[in-house]
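The structure appears right after this line, and notes come after that.
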Amino acid sequence: QVQLQESGGGLVQAGGSLRLSCVASGRAASSYDMGWFRQAPGKEREFVAGISGSGSITYYQDSVKGRLTISRDNAKNTVYLQMNSLKPEDTAVYYCAAPEGGFIIATMRNPYAYDYWGQGTQVTVSS
């Protein structure tokens with residue numbers, strides 16, 4: 001089992017940057033594949049980015065490619081989401097999540113495929 005804690009959210013103007021962090025704790029925390037999701041008011045939770053346990057493979061939602069970068073530091077049990085060129089439509093609560101059995105390509109973008117979730121961090125982008 002793994003526990004997840006996000007931080008780094010805040011209020012930023014359009015075009016600005018933020019870096020979100022997700023610290024994992026628990027047995028073999030650094031080995032878990034990890035995903036970032038976001039949920040805007042009145043909308044479903046959506047996949048943003050994912051990274052394999054080793055950090056060698058990354059996945060992105062098409063709308064964030066080139067602006068958001070997922071990375072990890074397994075020595076610190078931390079996964080990051082660097083967010084550049086932010087837009088008002090990026091406003092949402094951002095969650096990190098981990099699937100117990102690792103990524104399955106067919107389902108990794110579905111939040112129901114994930115077993116562990118952080119409490120979320122609010123990102124607000126003003127126009």
Side-chain angles (χ1 to χ4, degrees):
Q1 194 169 8
V2 65
Q3 294 78 45
L4 305 173
Q5 179 71 52
E6 304 95 336
S7 63
L11 173 63
V12 63
Q13 289 187 332
S17 299
L18 283 174
R19 188 176 79 157
L20 307 184
S21 299
C22 173
V23 177
S25 59
R27 187 177 65 87
S30 64
S31 68
Y32 280 81
D33 296 338
M34 297 287 289
W36 282 99
F37 286 77
R38 66 186 180 188
Q39 188 165 18
K43 295 187 176 181
E44 294 185 351
R45 193 167 296 190
E46 64 174 359
F47 175 83
V48 175
I51 189 166
S52 62
S54 67
S56 61
I57 305 174
T58 57
Y59 308 87
Y60 294 95
Q61 182 199 107
D62 287 345
S63 69
V64 306
K65 285 180 180 178
R67 300 190 300 117
L68 275 58
T69 303
I70 190 170
S71 62
R72 68 191 300 159
D73 183 341
N74 282 345
K76 297 181 179 180
N77 287 348
T78 303
V79 175
Y80 303 98
L81 186 67
Q82 178 66 44
M83 309 169 69
N84 299 328
S85 302
L86 283 164
K87 304 176 181 180
E89 51 264 42
D90 294 317
T91 295
V93 178
Y94 282 71
Y95 300 90
C96 63
E100 177 61 46
F103 284 153
I104 298 173
I105 298 301
T107 60
M108 64 174 295
R109 298 171 187 268
N110 188 331
Y112 293 103
Y114 291 73
D115 300 283
Y116 307 110
W117 292 86
Q119 85 293 344
T121 186
Q122 176 72 47
V123 171
T124 303
V125 184
S126 63
S127 57

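For reference, positions follow the sequence shown, starting with 1. All figures in this text were calculated on a predicted structure; none of them were measured in a lab.
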Identify whether [X] and [Y] are in the same connected component of the hydrophobic contact network (ILVMFWY, side-chain heavy atoms under 4.5 Å).
| X | Y | answer |
| --- | --- | --- |
| V93 | V79 | no |
| L68 | Y80 | no |
| I70 | M83 | yes |

Over 12 non-hydrogen atoms of neighbours within 6.0 angstrom of CD in Q119: yes

Heavy-atom neighbours of I104 CD1 exceed 12 at 6.0 Å: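 Not more than 12 within 6.0 Å, no.
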
Side chains of L4 and M34 in contact at under 4.5 Å (non-hydrogen atoms): yes

I'd like to know if the side chain of [X] reaches the main chain of [Y], judged simply by a donor and an acceptor atom lying under 3.5 Å from each other, with no hydrogens or angles considered.
| X | Y | value |
| --- | --- | --- |
| R72 | D33 | no |
| N74 | S54 | no |
| E6 | G120 | yes |
| R109 | Y60 | yes |
| S85 | R67 | no |
| Y114 | M108 | yes |

Looking only at heavy atoms, which two atoms of [X] and [Y] are closest? And how far apart?
| X | Y | answer |
| --- | --- | --- |
| S17 | N84 | OG-OD1, 3.0 Å |
| S30 | N77 | CB-OD1, 3.1 Å |
| T91 | V125 | OG1-N, 2.9 Å |
| L81 | A49 | CD1-CB, 4.2 Å |
| P99 | Y32 | O-CD2, 3.6 Å |
| Q3 | Q1 | NE2-CG, 4.0 Å |

Polar side chain donor-acceptor pair, Y116 to E100, under 3.5 angstrom: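 Short answer, yes.
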
Pairwise distance CG(D90) to CG(L18) - rounded to 0.5 angstrom: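 The distance works out to 10.0 Å.
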
Straight-line distance of Q5 CD to T121 OG1, nearest 0.5 Å: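 Separation between the atoms: 9.0 Å.
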
Presence of salt bridge, K65 and D62, under 4.0 angstrom: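 Looking at D62 and K65, the cut-off is met.
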
Test applied, ring pair (Phe, Tyr, Trp, His ring centres under 6.0 Å); reference residue, Y59; option that passes from F103, F47, W36: F103

Pi-cation contact, F37 with R45 (under 6.0 Å, within 45°): no

From CA spacing to verdict: side chain to side chain donor-acceptor pair (under 3.5 Å), Q122, T124: CA-CA 6 Å; Q122 176 72 47; T124 303; 3.3 Å; yes

